Amino acid sequence: MKNLGVECVGQAVPQFAELLTQVEQKKFSGMFRMGWIMDYPSMENYLGPLFTTGGSSNYYGYSNKKFDKLVEDGRAAKTSAEAIKLWQQAEDVLVQDMPVIPLRFGKNVFAHSKNVSNVEMDLFNRVDVTKISKA
């Protein structure tokens, strides 16, 4: 990492299962890249497993009592709106602590036309074809 003055050499791990085993057993040294795709439309889907103390996919050892409490309170909220507000506050804690460096490397190809309207993308960057109308 030339701009930080840190010597960094990549190490390929061909099988994700091997990398996961190394990370879970704390045998992996240095930086590593993990991937996570939300598979439910809830912020808790990634906040809980990835960042709560002892979370099932918290391989970095991140721990913050304030964050944990906000996620827990969001889970117990009476309404979705109340839960979202609490989870957004939890995300604010993550921004301050920055336990991981978010990377974005996906590639999306888009086009447009005057012949269609109501083109909307879902949270997975897929076009919702049921909403497209002919202009």
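These numbers were taken from a predicted model, which means no experiment stands behind them. Quick note: numbers below take in every heavy atom, side chains included, and nothing from hydrogens, waters or symmetry partners.
For the side chain to side chain contact (heavy atoms under 4.5 Å, CB included) with S57, the lone residue among L50, L20, T52, V23 that qualifies is L50.
Residue K131 comes nearest to N118 through the heavy atom pair O-CB, 3.1 Å, listed as atom of the first residue, atom of the second, then distance. The shortest heavy-atom contact between G74 and A83 is O-CB, 3.3 Å.
Taking Y62 as the reference, F67 meet the ring pair (Phe, Tyr, Trp, His ring centres under 6.0 Å) condition, with sequence neighbours excluded. Remark: T53 engages S63, D68 in a side-chain contact (heavy atoms from CB on, under 4.5 Å) (not counting sequence neighbours). Taking the side-chain contact (heavy atoms from CB on, under 4.5 Å) definition, one finds that Q25 meets it with T21, K27, sequence neighbours left out. Residues passing the side-chain contact (heavy atoms from CB on, under 4.5 Å) test with T130 are D128, sequence neighbours excluded. V127 meets the side-chain contact (heavy atoms from CB on, under 4.5 Å) test with V119, M121, V129, I132; sequence neighbours excluded.
When side chains are defined from C-beta on, L70 does not count as touching W87, because their heavy atoms never get closer than 4.5 Å. A heavy-atom distance below 4.5 Å is found between the side chains of D73 and K69.
Within the structure, salt bridge (Lys or Arg N to Asp or Glu O under 4.0 Å) pairs that include any residue of residues 40-63 comprise E44-R75 (at least two apart or interchain).
The local environment of NZ in K134 is sparse, with at most 12 non-hydrogen atoms from other residues, nucleotides or ligands closer than 6.0 Å.
Note: the hydrophobic cluster containing F16 also contains V13 (ILVMFWY, side chain heavy atoms under 4.5 Å, direct or indirect links).
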